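Residues take their numbers from the sequence shown, with the count starting at 1. One-based numbering, in listed order, for ligands and for the atoms of each. Since the model is a prediction, treat every value here as computed from it, not as a measurement.
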Amino acid sequence: MADGPVAELLLRRLEASDGGLDSAELAAELGMEHQAVVGAVKSLQALGEVIEAELRSTKRWELTVEGEEIAREGSHEARVFRSIPPEGLAQSELMRLPSGKVGFSKAMSNKWIRVDKSAADGPRVFRVVDSMEDEVQRRLQLVRGGQAEKLGEKERSELRKRKLLAEVTLKTYWVSKGSAFSTSISKQETELSPEMISSGSWRDRPFKPYNFLAHGVLPDSGHLHPLLKVRSQFRQIFLEMGFTEMPTDNFIESSFWNFDALFQPQQHPARDQHDTFFLRDPAEALQLPMDYVQRVKRTHSQGGYGSQGYKYNWKLDEARKNLLRTHTTSASARALYRLAQKKPFTPVKYFSIDRVFRNETLDATHLAEFHQIEGVVADHGLTLGHLMGVLREFFTKLGITQLRFKPAYNPYTEPSMEVFSYHQGLKKWVEVGNSGVFRPEMLLPMGLPENVSVIAWGLSLERPTMIKYGINNIRELVGHKVNLQMVYDSPLCRLDAEPRPPPTQEAA
Ligand code: FB9
């Protein structure tokens, strides 16, 4: 028989039954595991209309492990009673018995035994009655025999309170004949083989119906971390806007490109241990374009290009110090310097998305590293208006339309603006980034033409990812505490679409 002996038995019982049968009762009758019958029901269901099977959940009483043991060995109180000889038993000795503690108090409350506290060598326990009925064992055996209904509610709840009995919900099937019911079912073909076609035997062979609703086995595949899903969305946005990605394949940077080239003075607080991870080995950058370095030195110490500079003694050693880059704006500086070497000047749009490192106080939204997203546009006569315009275009593609700009300060941009957006879900204005126009003191020493200005902005990758995926603590997103299931189950990221609630079970 195609689907195994259980299915055969079930069909014959169904044939014999009037109306239908319950899978649990059939299992009990056949003395087999309910699961085996459920397996047969499922395989017969897959054959189409042979049977109808309606899932039912029935509550029934089952003995717990301790209940099973008592049904076999007797109740603790009964065992205590039996262990007391006519001359009594020292209470201390009785308490050492496995059922001692529990049994003693129950036997006492059943007035089966008594304690003589004044006995010579300490309290002694004696029988009060000659024999007793182990009602508990009897009742548990009743349940074990499937006659739980014989017990009264009170008796049942007492046994449940003693954790000897538990009510379990059993999912059973009420099986009835289907429209194509027969006790003999031939194996349904699942494959149309060349032989069948050449022999024509396919014409009279039953084929298993296709289940087009079957989900199919999810192919084992890699799973992109949510951060990488959002990163590819941001990349897509920049590429759509005609930006080119800057190389950022160096976490280690010199103080020169990370700070000095950006006209950030050497005594700026961000340049000390508290904000920046400096390197012990390799401690110093050896390769620096010295002619350009001299111009940066002069701009910092004496000024130039219409700027008074910072009037301090700029030190090359300080600029040589290696560190973990604190922003990808260092990569922008390198890219703009390379651009400046190419004459004549050509306008460019650059972007970068990569890791930056800051020795900051750690909290729920800050780790010592994050991914910075940066956009840079270099062209003739760009103004703050152009910056606001490109920011509107950029954030609109993120699904963020309501923007507000707040004056801010960065050592390397003047004017600078923090960018805020009104977040519907959070019902508040959220800072979504920072931006500004790079200072001439940064651009002219590179060799960029006078009338070329460069606008730029930056934000993090983690913040939008946390908001998109509803993650409140960055450690759930990044680091050793990340639960990989979150990565496996993380839905596709559509930045410009309202976050959809995770699919509910029945939809799944
Ligand atoms: O990402 C940030 N916020 C943000 C961005 C997007 C977003 O999307 C939601 C889906 C809707 C939500 C929030 N911020 C920048 C703002 C804050 O989170 C801020 O508290 C933390 N900032 C980081 C730095 O923290 C020390 C975010 C990070 C940041 C800040 C500034 C820059 C880059 C990253 C920059 C820059 C810049 C400026 C001028 C020229 C060139 C670069």
Can you list the atoms of ligand 1 that are under 4.0 Å from a heavy atom of Glu374?
41 (C), 42 (C)

Specify the protein heavy atom at minimum distance from atom 18 (O) of ligand 1: its residue, its atom name, and the distance to 0.1 Å.
Arg463 CG, 3.3 Å

A student checking ligand 1 against Glu360 at a 4.0 Å heavy-atom cut-off should list atoms 26 (C)

SB check Glu62 Arg60 (cutoff 4.0 Å)
yes

Distance from Thr326 atom OG1 to Asn258 atom CG, nearest 0.5 Å?
3.5 Å

Among all protein heavy atoms, pick out the one at the shortest distance from atom 17 (C) of ligand 1; state its residue, atom name and that distance to 0.1 Å.
Glu431 O, 3.8 Å

Can you tell me if Lys163 uses its side chain to pair, donor with acceptor, with the backbone of Arg160 under 3.5 Å?
no

Quick one: OH on Tyr350 to CZ on Phe243, what's the gap to the nearest 0.5 Å?
11.5 Å

Which protein heavy atom lies closest to atom 38 (C) of ligand 1, and at what distance to 0.1 Å?
Asn434 OD1, 3.4 Å

For His327, run the ring-ring contact (aromatic ring centres under 6.0 Å, His included) check against Phe357, Phe370, Tyr412, Trp457 and tell me which one passes.
Tyr412

Counting from 1 in the order shown, the ligand 1 atoms closer than 4.0 Å to a non-hydrogen atom of Ser435 are 38 (C), 39 (C)

Return the residue, atom name and 0.1 Å-rounded distance of the protein heavy atom closest to atom 11 (C) of ligand 1.
Ile400 CD1, 3.5 Å

Enumerate donor-acceptor pairs with a distance under 3.5 Å from any side-chain N or O in residues 284-295 to protein atoms, sequence neighbours excluded.
| from | atom 1 | to | atom 2 | distance (Å) |
| --- | --- | --- | --- | --- |
| Arg295 | NE | Pro445 | O | 2.5 |
| Arg295 | NH2 | Pro445 | O | 2.9 |

Going by heavy atoms, is Glu418 under 4.0 Å from ligand 1?
no

List the residues meeting side-chain contact (heavy atoms from CB on, under 4.5 Å) with Thr328, not counting sequence neighbours, and say none if there are none.
Arg325, Ser352, Asp354, Val356, Gln372, Glu374

Considering only NZ, NE, NH1 and NH2 on the basic side and carboxylate oxygens on the acidic side, decide whether Arg271 and Asp260 come within less than 4.0 Å.
yes

Who gets closest to atom 36 (C) of ligand 1 by heavy atom: Pro464, Gly458, Ser352, Ser421?
Gly458

Strictly inside 4.0 angstrom of atom 22 (N) of ligand 1, do you find any protein heavy atom?
no

State if Arg358 counts as touching ligand 1 under the rule of any non-hydrogen atom under 4.0 Å.
yes

for atom 40 (C) of ligand 1, nearest protein heavy atom and its distance come out as Ala456 CB, 3.7 Å

protein heavy-atom neighbour closest to atom 1 (O) of ligand 1 works out as Ser460 N, 2.8 Å

Checking a contact table here: which protein heavy atom is nearest atom 12 (C) of ligand 1, and how many Å away?
Ile467 CD1, 3.6 Å

Looking at Glu167 and Lys59, is there a salt bridge between them, counting it only when a charged N and a carboxylate O are closer than 4.0 Å?
no

